[in-house]
Amino acid sequence: MGRTTTATIRVATHRGLEPDKQDFFFESSIEAFADHVQRGYSLEFDPAFTSDGIVVWHDYTMQRLTGGRDARPLSEVTSADVLVTPLTRGRLGTLEELLQVLDSGADLPHFLHLKGAYQTKECIERLAHVLAPFTDLTSRLVIIDVKPRAARRLLELLPSIQLAASVAHPYDIMRYGKSVHSTLLAVRDAFQQRDLYQWVWLDEWDRTDVHGGTKKLYCPSVFDTFRNAGFK
(Lines give C-alpha, C1' and ligand atoms only; values in the text may rest on other atoms or scores of the structure.)
Protein backbone atom coordinates (compact mmCIF):
# COMPACT_ATOMS: atom_id res chain seq x y z
CA MET A 1 0.00 0.00 0.00
CA GLY A 2 1.36 3.44 -0.94
CA ARG A 3 2.01 6.03 1.68
CA THR A 4 -0.64 8.68 2.24
CA THR A 5 0.33 12.11 0.96
CA THR A 6 -1.24 15.36 2.08
CA ALA A 7 -1.46 17.60 -0.98
CA THR A 8 -1.79 21.35 -1.16
CA ILE A 9 -4.29 22.29 -3.86
CA ARG A 10 -4.16 25.67 -5.55
CA VAL A 11 -6.32 27.08 -8.32
CA ALA A 12 -4.59 28.23 -11.50
CA THR A 13 -6.65 30.27 -13.93
CA HIS A 14 -6.40 29.55 -17.64
CA ARG A 15 -5.21 32.23 -20.11
CA GLY A 16 -6.70 35.01 -18.00
CA LEU A 17 -10.21 33.81 -18.82
CA GLU A 18 -13.17 34.33 -16.53
CA PRO A 19 -16.32 33.60 -18.57
CA ASP A 20 -18.68 33.88 -15.59
CA LYS A 21 -17.81 37.55 -15.22
CA GLN A 22 -19.62 39.77 -17.69
CA ASP A 23 -17.37 42.34 -19.38
CA PHE A 24 -14.21 40.87 -17.86
CA PHE A 25 -10.88 41.78 -19.40
CA PHE A 26 -9.85 40.29 -22.74
CA GLU A 27 -8.25 36.85 -22.75
CA SER A 28 -4.51 36.88 -21.98
CA SER A 29 -4.54 40.62 -21.33
CA ILE A 30 -2.18 42.11 -18.78
CA GLU A 31 -5.21 43.45 -16.90
CA ALA A 32 -6.84 40.01 -16.65
CA PHE A 33 -3.66 38.40 -15.38
CA ALA A 34 -3.03 41.19 -12.87
CA ASP A 35 -6.61 40.90 -11.57
CA HIS A 36 -6.22 37.15 -11.01
CA VAL A 37 -2.84 37.51 -9.32
CA GLN A 38 -4.23 40.21 -7.02
CA ARG A 39 -7.04 37.84 -6.02
CA GLY A 40 -4.57 35.10 -5.08
CA TYR A 41 -4.73 32.80 -8.08
CA SER A 42 -1.87 31.11 -9.86
CA LEU A 43 -1.76 31.60 -13.63
CA GLU A 44 -1.41 29.41 -16.69
CA PHE A 45 -0.30 31.40 -19.74
CA ASP A 46 1.19 31.00 -23.20
CA PRO A 47 4.25 32.77 -24.60
CA ALA A 48 4.03 33.35 -28.35
CA PHE A 49 7.14 34.03 -30.38
CA THR A 50 6.98 36.95 -32.81
CA SER A 51 9.62 37.87 -35.37
CA ASP A 52 11.50 39.95 -32.81
CA GLY A 53 10.32 39.03 -29.31
CA ILE A 54 7.85 37.14 -27.12
CA VAL A 55 4.29 38.23 -26.36
CA VAL A 56 1.67 36.45 -24.26
CA TRP A 57 -1.09 35.03 -26.44
CA HIS A 58 -2.51 31.54 -26.84
CA ASP A 59 -2.71 31.25 -30.64
CA TYR A 60 -0.05 30.92 -33.32
CA THR A 61 -1.73 33.52 -35.57
CA MET A 62 -3.32 36.98 -35.54
CA GLN A 63 -6.68 35.63 -36.69
CA ARG A 64 -8.70 35.70 -33.45
CA LEU A 65 -7.06 38.92 -32.32
CA THR A 66 -8.23 40.74 -35.44
CA GLY A 67 -11.63 39.10 -35.92
CA GLY A 68 -10.34 37.27 -38.99
CA ARG A 69 -8.97 40.35 -40.76
CA ASP A 70 -5.35 39.24 -40.40
CA ALA A 71 -4.40 35.55 -40.43
CA ARG A 72 -0.62 35.96 -40.43
CA PRO A 73 1.41 33.73 -38.12
CA LEU A 74 2.83 35.63 -35.16
CA SER A 75 6.27 34.52 -36.29
CA GLU A 76 5.86 36.87 -39.28
CA VAL A 77 4.86 39.99 -37.35
CA THR A 78 6.67 42.14 -34.81
CA SER A 79 5.75 42.31 -31.14
CA ALA A 80 4.73 45.94 -31.68
CA ASP A 81 2.24 44.83 -34.37
CA VAL A 82 0.64 42.45 -31.89
CA LEU A 83 0.61 44.82 -28.93
CA VAL A 84 -1.12 47.68 -30.75
CA THR A 85 -4.03 45.46 -31.82
CA PRO A 86 -7.14 47.03 -30.22
CA LEU A 87 -9.04 44.74 -27.83
CA THR A 88 -12.44 45.06 -26.19
CA ARG A 89 -11.01 45.46 -22.68
CA GLY A 90 -7.36 45.56 -21.76
CA ARG A 91 -4.25 44.97 -23.84
CA LEU A 92 -1.82 42.20 -24.59
CA GLY A 93 1.67 42.44 -23.15
CA THR A 94 5.13 41.05 -23.62
CA LEU A 95 6.35 38.09 -21.62
CA GLU A 96 8.65 40.43 -19.71
CA GLU A 97 5.69 42.61 -18.67
CA LEU A 98 3.79 39.62 -17.34
CA LEU A 99 6.83 38.34 -15.47
CA GLN A 100 7.07 41.72 -13.74
CA VAL A 101 3.44 41.31 -12.61
CA LEU A 102 4.16 37.84 -11.25
CA ASP A 103 7.43 38.90 -9.63
CA SER A 104 5.64 41.59 -7.62
CA GLY A 105 2.79 39.28 -6.55
CA ALA A 106 2.40 36.65 -3.85
CA ASP A 107 4.76 33.69 -3.55
CA LEU A 108 2.73 31.31 -5.73
CA PRO A 109 3.59 28.85 -8.50
CA HIS A 110 2.70 29.90 -12.04
CA PHE A 111 2.57 27.78 -15.19
CA LEU A 112 4.13 28.79 -18.50
CA HIS A 113 2.84 26.64 -21.35
CA LEU A 114 5.64 26.20 -23.87
CA LYS A 115 3.87 24.75 -26.88
CA GLY A 116 5.58 22.02 -28.85
CA ALA A 117 6.09 24.15 -31.95
CA TYR A 118 8.21 26.54 -29.88
CA GLN A 119 10.52 23.90 -28.42
CA THR A 120 13.29 24.65 -30.88
CA LYS A 121 16.84 25.61 -29.95
CA GLU A 122 16.26 29.22 -31.01
CA CYS A 123 12.99 29.65 -29.12
CA ILE A 124 14.32 28.00 -25.96
CA GLU A 125 17.33 30.30 -25.92
CA ARG A 126 15.14 33.37 -26.50
CA LEU A 127 12.86 32.28 -23.68
CA ALA A 128 15.75 31.67 -21.30
CA HIS A 129 17.17 35.11 -22.11
CA VAL A 130 13.90 36.76 -21.00
CA LEU A 131 13.52 34.59 -17.90
CA ALA A 132 17.11 34.80 -16.65
CA PRO A 133 16.88 38.21 -14.90
CA PHE A 134 13.87 37.07 -12.84
CA THR A 135 15.92 34.95 -10.46
CA ASP A 136 13.41 35.05 -7.59
CA LEU A 137 10.55 34.08 -9.89
CA THR A 138 12.13 31.21 -11.84
CA SER A 139 12.20 28.94 -8.78
CA ARG A 140 8.39 29.06 -8.63
CA LEU A 141 7.73 29.19 -12.35
CA VAL A 142 6.77 25.84 -13.88
CA ILE A 143 7.23 25.35 -17.62
CA ILE A 144 4.68 22.78 -18.74
CA ASP A 145 4.25 20.48 -21.75
CA VAL A 146 8.01 20.15 -22.18
CA LYS A 147 9.53 17.34 -24.23
CA PRO A 148 12.64 15.63 -22.80
CA ARG A 149 15.15 17.16 -25.23
CA ALA A 150 13.80 20.67 -24.58
CA ALA A 151 13.75 19.96 -20.84
CA ARG A 152 17.45 19.15 -20.82
CA ARG A 153 18.33 22.36 -22.63
CA LEU A 154 16.13 24.48 -20.35
CA LEU A 155 17.79 23.02 -17.26
CA GLU A 156 21.21 23.81 -18.71
CA LEU A 157 20.23 27.44 -19.24
CA LEU A 158 18.00 27.90 -16.15
CA PRO A 159 19.03 25.39 -13.43
CA SER A 160 16.43 26.64 -10.93
CA ILE A 161 13.46 26.32 -13.30
CA GLN A 162 10.78 23.71 -12.63
CA LEU A 163 9.46 21.59 -15.48
CA ALA A 164 6.29 19.57 -15.99
CA ALA A 165 5.69 16.69 -18.36
CA SER A 166 2.26 16.57 -20.00
CA VAL A 167 0.96 13.12 -19.16
CA ALA A 168 -1.97 11.68 -21.09
CA HIS A 169 -3.81 8.40 -21.56
CA PRO A 170 -2.26 6.22 -24.32
CA TYR A 171 -5.44 6.51 -26.41
CA ASP A 172 -5.27 10.31 -26.24
CA ILE A 173 -1.60 10.21 -27.19
CA MET A 174 -2.45 8.06 -30.21
CA ARG A 175 -5.25 10.41 -31.32
CA TYR A 176 -3.86 13.83 -30.49
CA GLY A 177 -0.12 13.51 -29.97
CA LYS A 178 0.87 14.74 -33.43
CA SER A 179 -1.42 17.78 -33.22
CA VAL A 180 0.54 19.06 -30.19
CA HIS A 181 3.95 18.25 -31.69
CA SER A 182 4.42 15.04 -29.68
CA THR A 183 4.54 16.65 -26.24
CA LEU A 184 2.22 14.09 -24.58
CA LEU A 185 3.89 11.37 -22.50
CA ALA A 186 2.49 8.18 -21.01
CA VAL A 187 2.78 7.59 -17.27
CA ARG A 188 5.74 5.22 -17.67
CA ASP A 189 7.57 7.75 -19.88
CA ALA A 190 7.31 10.45 -17.20
CA PHE A 191 8.82 8.06 -14.64
CA GLN A 192 11.67 7.19 -17.00
CA GLN A 193 12.52 10.90 -17.24
CA ARG A 194 12.21 11.53 -13.50
CA ASP A 195 15.49 13.49 -13.44
CA LEU A 196 13.98 16.17 -15.72
CA TYR A 197 10.56 16.78 -14.23
CA GLN A 198 9.41 17.94 -10.80
CA TRP A 199 5.77 18.21 -11.89
CA VAL A 200 3.28 16.38 -14.09
CA TRP A 201 0.56 18.20 -15.98
CA LEU A 202 -2.23 15.67 -16.46
CA ASP A 203 -3.89 16.20 -19.84
CA GLU A 204 -7.18 14.34 -20.28
CA TRP A 205 -8.73 15.20 -23.63
CA ASP A 206 -11.97 13.29 -23.07
CA ARG A 207 -13.31 10.16 -21.35
CA THR A 208 -13.72 8.02 -24.50
CA ASP A 209 -11.68 4.84 -24.75
CA VAL A 210 -10.59 2.89 -27.79
CA HIS A 211 -13.68 0.62 -27.68
CA GLY A 212 -16.19 3.45 -27.35
CA GLY A 213 -16.53 3.03 -23.60
CA THR A 214 -15.06 5.30 -20.94
CA LYS A 215 -11.61 5.80 -19.47
CA LYS A 216 -10.34 8.02 -16.68
CA LEU A 217 -7.00 9.72 -16.11
CA TYR A 218 -8.08 12.17 -13.38
CA CYS A 219 -8.58 9.78 -10.49
CA PRO A 220 -7.10 9.13 -7.01
CA SER A 221 -4.99 6.16 -8.12
CA VAL A 222 -3.18 8.22 -10.78
CA PHE A 223 -2.76 11.21 -8.45
CA ASP A 224 -1.34 8.96 -5.72
CA THR A 225 1.02 7.20 -8.15
CA PHE A 226 2.70 10.49 -8.98
CA ARG A 227 2.52 12.08 -5.52
CA ASN A 228 3.99 9.01 -3.83
CA ALA A 229 6.91 9.24 -6.25
CA GLY A 230 7.51 12.87 -5.27
CA PHE A 231 5.95 14.58 -8.26
CA LYS A 232 3.83 17.68 -7.77
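Heavy-atom basis, side chains included; hydrogens, waters and symmetry copies ignored. Residue indices begin at 1 and follow the sequence shown. Not measured: the values here are computed from a predicted model.
There is no path of hydrophobic side-chain contacts, each under 4.5 Å, that joins W57 to L17. In the hydrophobic clustering of this structure, L98 groups with L141; members are Ile, Leu, Val, Met, Phe, Trp, Tyr whose side-chain heavy atoms approach within less than 4.5 Å, directly or through other members. L43 and L114 fall within a single hydrophobic cluster, where Ile, Leu, Val, Met, Phe, Trp and Tyr side chains are chained together by heavy-atom contacts under 4.5 Å. Under a hydrophobic clustering in which Ile, Leu, Val, Met, Phe, Trp and Tyr are joined whenever their side-chain heavy atoms come within less than 4.5 Å, directly or via other members, L163 and L158 fall into the same cluster. By the rule that hydrophobic residues join a cluster once side-chain heavy atoms approach within less than 4.5 Å of another member, V210 and I173 end up as members of separate clusters.
No donor-acceptor distance shorter than 3.5 angstrom exists from the side chain of Y60 to the backbone of L74, with no hydrogens or angles considered. Here the side chain of E27 pairs no donor or acceptor atom with the backbone of G16 at under 3.5 angstrom. In this structure, R89 contributes its side chain and D23 its backbone to a donor-acceptor pair below 3.5 Å. Using modelled atom types, no side-chain atom of S182 and backbone atom of K178 make a donor-acceptor pair closer than 3.5 Å. Using modelled atom types, no side-chain atom of D145 and backbone atom of H113 make a donor-acceptor pair closer than 3.5 Å. Formation of a donor-acceptor pair under 3.5 Å by the H169 side chain with backbone atoms of Y171 is found in this model. Judged purely by atom type and a 3.5 angstrom limit, E44 has no side-chain atom pairing as donor or acceptor with the backbone of A12.
The local environment of CD in Q38 is sparse, with at most 12 non-hydrogen atoms from other residues, nucleotides or ligands closer than 6.0 Å. Annotation for Y118: atom OH counts as buried by contact number, over 12 foreign heavy atoms lying within 6.0 Å. Around NE2 of H129, the count of heavy atoms belonging to other residues, nucleotides or ligands within 6.0 Å does not exceed 12. Shown here is R64, whose CZ atom has more than 12 heavy atoms of other residues, nucleotides or ligands within 6.0 Å. Other residues, nucleotides and ligands contribute over 12 non-hydrogen atoms within 6.0 Å of the NZ atom of K21. Around the CZ atom of R39, the shell of radius 6.0 Å holds more than 12 heavy atoms that belong to other residues, nucleotides or ligands.
A salt bridge links E125 with R153: the distance from a Lys NZ or Arg NE/NH1/NH2 to an Asp or Glu carboxylate oxygen falls below 4.0 Å. Classification of D107 and R140 as a salt-bridged pair holds, one side-chain N sitting under 4.0 Å from a carboxylate O. Taking the charged nitrogens against the carboxylate oxygens, D189 and R194 have no contact shorter than 4.0 Å, which rules out a salt bridge.
Atom-to-atom distance recorded for F226:CZ and L202:CG is 6.0 Å, nearest 0.5 angstrom. The line from CD of Q198 to CG of L196 is 8.5 Å long, rounded to the nearest 0.5 Å. If you take OG on S104 and CG on D136, they are separated by 12.0 Å, rounding to the nearest 0.5 Å. Taking OG1 of T50 as the reference point, atom CE of M62 lies at 10.5 Å (rounded to 0.5 Å). In this structure, the separation between NZ on K232 and CH2 on W201 is 14.0 Å, given to the nearest 0.5 Å.
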Under the criterion side-chain contact (heavy atoms from CB on, under 4.5 Å), I'd like the reasoning laid out for E96 against F134: C-alpha separation, chi angles, the key distance, then a yes or no. CA-CA 9 Å; E96 185 175 15; F134 294 88; 4.1 Å; yes

Between R175 and D206, does the salt bridge (charged side-chain N to carboxylate O under 4.0 Å, His left out) criterion hold? Intermediate values first, please. CA-CA 11 Å; R175 290 183 294 167; D206 59 35; 2.8 Å; yes

Do T78 and S51 pass the side-chain hydrogen bond (donor to acceptor under 3.5 Å, both in side chains) test, and can you show the C-alpha distance, the side-chain angles, and the key distance before you say yes or no? CA-CA 5 Å; T78 66; S51 64; 5.5 Å; no

Between D203 and S166, does a side-chain hydrogen bond (donor to acceptor under 3.5 Å, both in side chains) hold up when you go through it step by step? CA-CA 6 Å; D203 200 352; S166 281; 4.6 Å; no

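Side chains of R72 and T61 form no contact here, defined as non-hydrogen atoms less than 4.5 Å apart. Proximity of H110 to V142: side-chain heavy atoms (C-beta onward) are nowhere separated by under 4.5 Å. At least one side-chain heavy atom of L99 sits under 4.5 Å from a side-chain heavy atom of V130. Taking the side chain as every heavy atom from C-beta outward, T94 and I54 never approach each other to under 4.5 Å. Counting only heavy atoms from C-beta outward, the side chains of T214 and D209 never approach each other to under 4.5 Å. Contact annotation: the side chain of T85 never approaches that of D70 to less than 4.5 Å [non-hydrogen atoms, C-beta and beyond]. No side-chain heavy atom of Q193 sits less than 4.5 Å from a side-chain heavy atom of K147. Residues I124 and L157 are in side-chain contact: their nearest non-hydrogen atoms beyond the backbone lie under 4.5 Å apart.
Smallest separation of non-hydrogen atoms from R126 and D52: NH2-C, 3.8 Å. The minimum heavy-atom distance linking V200 with A190 is given by the pair CG1-CB, 4.4 Å. Contact detail for Q119 and T183: the closest heavy-atom pair is NE2-CG2, 3.9 Å. The shortest non-hydrogen separation linking S28 to L92 is O-CD2, 3.5 Å. Minimum interatomic distance between L127 and I143 (heavy atoms only, all atoms of both residues): CD2-CD1, 4.2 Å. In terms of heavy-atom proximity, G105 sits nearest to V37 at CA-CG1, 4.1 Å.
With no hydrogens or angles considered, no side-chain donor-acceptor pair links H58 and D46 at under 3.5 Å. T138 and S160 form a side-chain donor-acceptor contact under 3.5 Å, judged by distance and modelled atom types alone.
Checking each of F223, F191, Y197 against F231 for a ring-ring contact (aromatic ring centres under 6.0 Å, His included) leaves exactly one that passes, namely F191.
The aromatic ring centres of F25 and F33 sit 6.0 Å or more apart. Residues F111 and W199 bring their aromatic ring centres within 6.0 Å. Aromatic ring centroids of F24 and H36 lie under 6.0 Å apart.
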